[in-house]
Amino acid sequence: QVLGQKGIETITGGYDIQGVLTSSAAAASGDLRASIANGGQQAAIASVSSVAILPIEIRQVGAASQQWLSYRANGYDSDYMEQVSNHYGFKLRAPGFETDAQVWQALRERDDVIVLGRSDVPSSQAVRLDQNTFMAEGFFWEDEAMPALEVEVRLPQSTAVRRLKVIGVLNSSWIGNFVGGVHGGSQSVAMIAGAPVPAALFFIDAREGTDSMALAQAIEKEFFSAGLETTSMQQLIATSLNESKVFNELLRGFIALGLLIGIASLGVISTRSVVERRQQIGMLRAIGYHRSMVLSSFLFEAAFIAVLGILIGTLLGLNTGWNIINQFAKEQTNLVFDPPIFDIIMIDVLALVCALLATALPAWRASRVFPAEALRYE
């Protein structure tokens, strides 16, 4: 509900179920992709796509460090790339590729090209801490264009080196960024391995109106012996959001605690103010101030401090949220800054009421000060 259908599809690419093959031996036993598509749940399945995953070693041609780094290459079949091309775009494209469609076409037809994910490109606003993971050099994620770039790949501990051209950098919304590695067509992975690589990851598109969670369970039950584990994409997203929600709730708890401490501090300051300004209060009473006037003056002072603090905090919070959303919107184009104004107003009003209640007792005590007692001692 938070992401909306468009937001979900920018993460899933339009697929409803993800299947992971836990047994490498089963992958070599046959065409599991065709078996899923033509199995017992055929009526509920619109299409099935597969991904081959290959452990590799990689290094950038011309980079400062020519150390081989362990990584992985993901090879997607043509059906998968055909469907996700409607949902996934590229943040950067190599020279000679003017549109996203040209990049997708090259990935489907050529075996000497790959694309990078968000985690493979450094940011100009962050410091690279881990030098033992692959990251491209010569440009940043925030740049408007990328230079011509090539990488060398090989199988672990192998001497046969293949050279591939990097033709783009995917938006971080692409599901491939969550599995890590460089991305290309299944033919590119086969070229690196020197032979076709069995698929280990499957994406299933359910027909409209189908319960994806029930379908995922049925498919897993049918292919349990093959070592296939399936999960609804909505469930994956919900799990990810729940993890973020727990962290957000923790932050909200700290913020609420800070708000309570601030309100309590305002009450303490008001109490000290009554004690320290006892003579001034007595003088005011002596020249004709009524109790109600003393009470209202203390409440007005507390209200002024509370309102000023609430306004500053609210404006700073909105500005911080706006900056954060705008930063993420560079990668997630569907994100918009839409703060819950009504909730913010209610919290501000509640904070103001609590602040006035915290200062009400000290203000009442100040109004009860007798002039003679207050002025008796210096």
Stepwise side chain to side chain contact (heavy atoms under 4.5 Å, CB included) test for Gln83 and Tyr15:
CA-CA 9 Å; Gln83 176 156 329; Tyr15 285 98; 3.8 Å; yes

So, Asp77 and Ser50: side-chain donor and acceptor under 3.5 Å apart, yes or no?
yes

So which atom in Leu164 and which in Ile114 form the shortest heavy-atom distance, rounded to 0.1 Å?
CD1-CG2, 3.6 Å

Any donor and acceptor pair, going by atom type alone, linking the side chain of Asp143 with main-chain N or O of Met146 inside 3.5 Å?
no

All N/O donor-acceptor pairs, side-chain side in residues 297-315, below 3.5 Å, sequence neighbours left out:
from	atom 1	to	atom 2	distance (Å)
Ser297	OG	Met293	O	3.3
Ser297	OG	Val294	O	2.7
Glu301	OE1	Arg277	NH1	3.3
Glu301	OE1	Arg277	NH2	3.4
Glu301	OE2	Arg277	NH1	3.4
Thr314	OG1	Ile310	O	2.7
Thr314	OG1	Asp348	OD1	3.3
Thr314	OG1	Asp348	OD2	3.0

Leu201 reachable from Leu170 in the ILVMFWY side-chain graph, under 4.5 Å edges:
yes

Between Ile344 and Pro339, what is the shortest heavy-atom contact and its length?
CD1-CB, 4.2 Å

With hydrophobic residues grouped by side-chain heavy-atom distances under 4.5 Å, do Met213 and Leu215 end up in a single group?
no

Checking side chain to side chain contact (heavy atoms under 4.5 Å, CB included) for the pair Asp205/Ile17: CA distance, chi angles, key distance, verdict?
CA-CA 7 Å; Asp205 182 19; Ile17 299 171; over 6 Å; no

Are Leu352 and Ile263 linked, directly or through other ILVMFWY residues, by side chains that come within less than 4.5 angstrom of each other?
no

Is it true that Glu98 and Gln102 share a donor-acceptor pair across their side chains at a distance under 3.5 Å?
no

Do you know which two heavy atoms are closest between Ala226 and Leu32, and how far apart they sit?
CB-CD1, 4.3 Å

Under 6.0 Å between ring centres: does that hold for Phe97 and Phe90?
no

Please name the pair of heavy atoms, one in Glu152 and one in Val61, separated by the smallest distance, quoted to 0.1 Å.
CG-CG2, 3.6 Å

Is there a path of hydrophobic side-chain contacts, each under 4.5 Å between heavy atoms, that joins Trp68 and Tyr71?
no

Counting only N and O atoms by type, is there a donor-acceptor contact under 3.5 Å from the side chain of His183 to the main-chain atoms of Gly181?
yes

Taking atom types as modelled, is there a side-chain donor on Ser49 or Tyr76 under 3.5 Å from an acceptor on the other?
no

What verdict does the side chain to side chain contact (heavy atoms under 4.5 Å, CB included) test give for Arg207 and Thr210, after you've listed the backbone C-alpha separation in whole Å, the side-chain angles of each residue and the deciding distance to 0.1 Å?
CA-CA 6 Å; Arg207 297 189 184 277; Thr210 302; 3.9 Å; yes

Within a 6.0 Å radius of atom CD on Glu144, are there more than 12 heavy atoms belonging to other residues, nucleotides or ligands?
no

Are Leu260 and Ile347 linked, directly or through intermediate hydrophobic residues, by side-chain heavy-atom contacts shorter than 4.5 Å (ILVMFWY only)?
no

Just do the side chain to side chain contact (heavy atoms under 4.5 Å, CB included) check on Leu149 and Gln60 with the steps written out, would you?
CA-CA 8 Å; Leu149 179 66; Gln60 181 178 336; 2.9 Å; yes

Ser123 and Glu142 side chains, donor-acceptor separation under 3.5 Å
yes

